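Just so it is clear, the structure is predicted and the values come from calculations on it, not from any experiment.
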Amino acid sequence: MTDPLADIVGVLAPAAPLSKVVSGAGAWRVDRLERGEPFYCVVLEGSARLSVQGHPPIALQEGDFVLIPAASAFTMASMAEADPGDDSQWAVTTLEGETRHGDPLGPADVRLLIGHFVFGSPDSDLLVSLLPQLLHIRGEPRLSMIVRLITDEARARRPAREMILARLLEVLLLEALRSTAAEAAPTGIVRALADPRLALAIRHLHQDPARPWTVEQMAEVASLSRSAFFNRFRQKAGVAPMEYLTSWRMALARNLLRSGQAGLQEIAERVGYGSASAFSTAFTRLVGLPPSRYAEQAGAASQTPAAA
């Protein structure tokens, strides 16, 4: 049976990483306002404080891994708080092999490997909403090893670099998501898949998205009553069952429209709609433009790099 987590990460198509080593000495602070880009961080040595909007502060220590699938406002700072009037906390210096925050001359109190990447799929907002907003993982050396491989590959110019990076980033996301303890997982698809009953239903949805599913049928697969299934799904996944199914169907439809290898009626049938008109109405309502127009724009966008 299909693996929903692998399906979602595969459709997200992570690519184009940017990574660097960052160190901090003395009292320092970095405030960032991101634009929804994925952000990850590994603490190579020392400790630091991380504050992410909407979450309690985290004391990071050596070996910790942090993943924010869609970063917004966050702050990284030294463990010791700086005097608000001390402007040296904002100092940034480029040193050999790393970027230094705080005192450029003192010994580093912390050294981090941080990175940003992008999702190749325009469905990223839709799919990222199904993932935990913040993952903080401690004691998983496999994640640090994968990040080091990504950094090494990103800095080299070896053959098949882009393909290898794309695969490594997929592995990074999957490893980070599955390393989260089941009960400690934030609301989202990871927590829902940790529930054996819900996981069974979700796998069936991914296996056969074209089936005319109802909540009653999903509940039957999960061996739960309709109300118990609905409430459990919404509590753990963060969305209602039919909302999740619609999101996944539209992600698949966008992929098919971008590929240009299937007609409207075929796409409609493959994602669970009885007619092209019914699919077009649902797609337009969710995406904001008709499928034919979406396909035209996707085709034009894919030709732009080649023309350049």
Visitor: Between CG of D208 and CZ of R203, what distance do you get to the nearest 0.5 Å?
Guide: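 Going from the CG atom of D208 to the CZ atom of R203 covers 16.0 Å.
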Visitor: Name all residues meeting the side chain to side chain contact (heavy atoms under 4.5 Å, CB included) criterion together with R161; count only those two or more places apart in sequence or in a different chain, and write none if there are none.
Guide: E153, A154, R157, L165
Visitor: Using the salt bridge (Lys or Arg N to Asp or Glu O under 4.0 Å) rule, collect all pairs that involve residues 78-92, keeping only residues at least two apart or in two chains.
Guide: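 For residues 78-92: none.
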Visitor: Apply side chain to side chain contact (heavy atoms under 4.5 Å, CB included) to residues L143 and I137 and explain how you reach the verdict.
Guide: CA-CA 9 Å; L143 285 167; I137 301 167; 3.8 Å; yes
Visitor: What distance do T214 atom OG1 and R226 atom CZ have between them, rounded to the nearest 0.5 Å?
Guide: 8.0 Å
Visitor: What pair of heavy atoms forms the shortest contact from L252 to P209, and how long is it?
Guide: CD1-CG, 3.8 Å
Visitor: Can you tell if the side chain of F65 reaches within under 4.5 Å of the side chain of E140, non-hydrogen atoms only?
Guide: no
Visitor: What closest approach, in Å, do S144 and G63 show between heavy atoms, and which atom pair accounts for it?
Guide: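 Looking at all heavy atoms of both residues, the shortest contact is OG-O, 4.3 Å.
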Visitor: Is it true that a side-chain atom of D7 and a backbone atom of H206 form a donor plus acceptor pair closer than 3.5 Å?
Guide: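 Looks like no, no N/O pair under 3.5 Å.
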Visitor: Whether the side chain of H204 engages the backbone of L200 through a donor-acceptor N/O pair (distance < 3.5 Å, no angle test) should be reported.
Guide: yes
Visitor: Stepwise, does the side chain to side chain contact (heavy atoms under 4.5 Å, CB included) test hold for F283 with R254?
Guide: CA-CA 9 Å; F283 188 93; R254 284 179 166 182; 3.9 Å; yes
Visitor: Is any side-chain heavy atom of S88 closer than 4.5 Å to a side-chain heavy atom of D103?
Guide: no
Visitor: Quick one: does L12's side chain get under 4.5 Å of I8's, heavy atoms only?
Guide: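 Yes, at least one pair of side-chain atoms sits under 4.5 Å.
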Visitor: Just to verify, what does E266 make a side-chain hydrogen bond (donor to acceptor under 3.5 Å, both in side chains) with, not counting sequence neighbours?
Guide: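 With sequence neighbours excluded, E266 shows a side-chain hydrogen bond (donor to acceptor under 3.5 Å, both in side chains) to R270, given in chain and number order.
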Visitor: Side chains of P14 and L173, heavy atoms from C-beta outward: is any pair under 4.5 Å?
Guide: yes
Visitor: Between R232 and Q235 (side chain of the first, backbone of the second, donor and acceptor by atom type, cut-off under 3.5 Å), is there such a pair?
Guide: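 Pair absent, no side-chain N/O of R232 close to backbone of Q235.
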Visitor: So, do V271 and M250 sit near enough that their side-chain heavy atoms are less than 4.5 Å apart?
Guide: no
Visitor: Could you measure the distance from the CD1 atom of I114 to the OG atom of S19? Nearest 0.5 Å is fine.
Guide: 9.0 Å
Visitor: Can you tell me how far apart OG (S275) and CD (E269) are? Round to the nearest 0.5 Å.
Guide: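 Here the rounded value is 9.5 Å.
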Visitor: Given the rule that I, L, V, M, F, W and Y join up when any side-chain heavy atoms are under 4.5 Å apart, are I68 and L112 in one cluster?
Guide: yes
Visitor: Sequence neighbours excluded and cut-off under 3.5 Å, please list the side-chain donor-acceptor pairs for residues 40-50, or say none.
Guide:
{"residue": "E45", "atom": "OE1", "partner": "R111", "partner atom": "NH1", "Å": "3.4"}
{"residue": "E45", "atom": "OE2", "partner": "R111", "partner atom": "NH1", "Å": "3.1"}
{"residue": "R49", "atom": "NE", "partner": "S78", "partner atom": "O", "Å": "2.8"}
{"residue": "R49", "atom": "NE", "partner": "M79", "partner atom": "O", "Å": "3.4"}
{"residue": "R49", "atom": "NH2", "partner": "S78", "partner atom": "O", "Å": "3.1"}

Visitor: If two hydrophobic side chains count as joined below 4.5 Å and joins carry through other members, does W213 share a cluster with L286?
Guide: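 Looking at the clustering, L286 is in the same group as W213.
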Visitor: Going through the checks in order, is the side chain to side chain contact (heavy atoms under 4.5 Å, CB included) test met by V66 and L135?
Guide: CA-CA 6 Å; V66 172; L135 285 175; over 6 Å; no
Visitor: According to side-chain hydrogen bond (donor to acceptor under 3.5 Å, both in side chains), who are the partners of R197, at least two apart in sequence or on a separate chain?
Guide: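 R197 satisfies side-chain hydrogen bond (donor to acceptor under 3.5 Å, both in side chains) with no residue once adjacent residues are dropped.
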Visitor: To the nearest 0.5 Å, what is the distance between CD1 on I146 and CG on L169?
Guide: 10.5 Å
Visitor: Of all residues at least two apart in sequence or in a different chain, which pass the ring pair (Phe, Tyr, Trp, His ring centres under 6.0 Å) check with F39?
Guide: F74, H116
Visitor: Which residue pairs satisfy the salt bridge (Lys or Arg N to Asp or Glu O under 4.0 Å) criterion with at least one member in residues 66-80, sequence neighbours excluded?
Guide: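 Salt bridge (Lys or Arg N to Asp or Glu O under 4.0 Å) check on residues 66-80 returns no pairs.
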Visitor: Following the transitive rule for hydrophobic clusters with a side-chain heavy-atom cut-off under 4.5 Å over Ile, Leu, Val, Met, Phe, Trp and Tyr, establish whether L172 and I164 coincide in one cluster.
Guide: yes
Visitor: Heavy atoms only: give me the nearest V128-P69 pair and the separation to one decimal.
Guide: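 What the structure gives for the nearest pair is CG1-CB, 3.9 Å.
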Visitor: Any pair with a residue in residues 51-73 that passes salt bridge (Lys or Arg N to Asp or Glu O under 4.0 Å), sequence neighbours left out, goes on the list, sorted by first then second residue, please.
Guide: D64-R138
Visitor: On a heavy-atom basis, which atom in S225 and which in A219 lie closest, and how many Å separate them?
Guide: O-CB, 3.8 Å
Visitor: Does L177 reach the side chain of L131, with side-chain heavy atoms less than 4.5 Å apart?
Guide: yes
Visitor: Report the distance from atom CZ of R211 to atom CG of L205, rounding to the nearest 0.5 Å.
Guide: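 Reported to 0.5 Å precision, the distance equals 9.0 Å.
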Visitor: Which residues pass the side-chain hydrogen bond (donor to acceptor under 3.5 Å, both in side chains) test with R285, sequence neighbours left out?
Guide: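 R285 satisfies side-chain hydrogen bond (donor to acceptor under 3.5 Å, both in side chains) with no other residue.
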Visitor: Between the main-chain N or O of L256 and the side-chain N or O of S259, is there a donor-acceptor pair closer than 3.5 Å?
Guide: yes
Visitor: Between G97 and V21, what is the shortest heavy-atom contact and its length?
Guide: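 What the structure gives for the nearest pair is O-CB, 3.7 Å.
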Visitor: Apply the hydrophobic cluster definition, ILVMFWY joined by side-chain contacts under 4.5 Å directly or through others, and give me every member besides M145.
Guide: none
Visitor: Show the numbers, then the answer: is there a side chain to side chain contact (heavy atoms under 4.5 Å, CB included) between L95 and T93?
Guide: CA-CA 6 Å; L95 302 180; T93 309; 3.9 Å; yes
Visitor: Is there side-chain contact between L289 and Q297, with heavy atoms separated by less than 4.5 Å?
Guide: yes
Visitor: Test your reading of the model: is there a side-chain donor-acceptor pair from D152 to the backbone of R148, 3.5 Å cut-off?
Guide: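 Judged by distance alone, no pair lies under 3.5 Å.
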Visitor: What salt bridge (Lys or Arg N to Asp or Glu O under 4.0 Å) pairs are there with at least one residue in residues 238-250, not counting sequence neighbours?
Guide: none
Visitor: Looking at every heavy atom in both R234 and A240, which two are closest together, and how far apart are they?
Guide: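 So the minimum-distance heavy-atom pair works out to NH1-CB, 3.6 Å.
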Visitor: Any carboxylate oxygen within less than 4.0 angstrom of a Lys/Arg side-chain nitrogen, looking at E98 and K20?
Guide: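 K20 and E98: not salt-bridged.
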Visitor: Starting from L134, can I reach V30 by hopping between I/L/V/M/F/W/Y residues whose side chains sit under 4.5 Å apart?
Guide: yes
Visitor: Check for me, please, whether L5 and F117 land in the same ILVMFWY cluster - side-chain distances under 4.5 Å, paths through other members count.
Guide: yes
Visitor: Between L245 and M218, is there a side-chain heavy-atom distance shorter than 4.5 Å?
Guide: yes
Visitor: Please list, chain by chain and in numerical order, all residues satisfying side-chain hydrogen bond (donor to acceptor under 3.5 Å, both in side chains) with S223, sequence neighbours excluded.
Guide: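 Applying side-chain hydrogen bond (donor to acceptor under 3.5 Å, both in side chains) to S223 gives none.
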Visitor: Report the relative orientation of the aromatic rings in F229 and F233; use parallel for angles under 30°, tilted for 30 to 60°, perpendicular for over 60°.
Guide: tilted
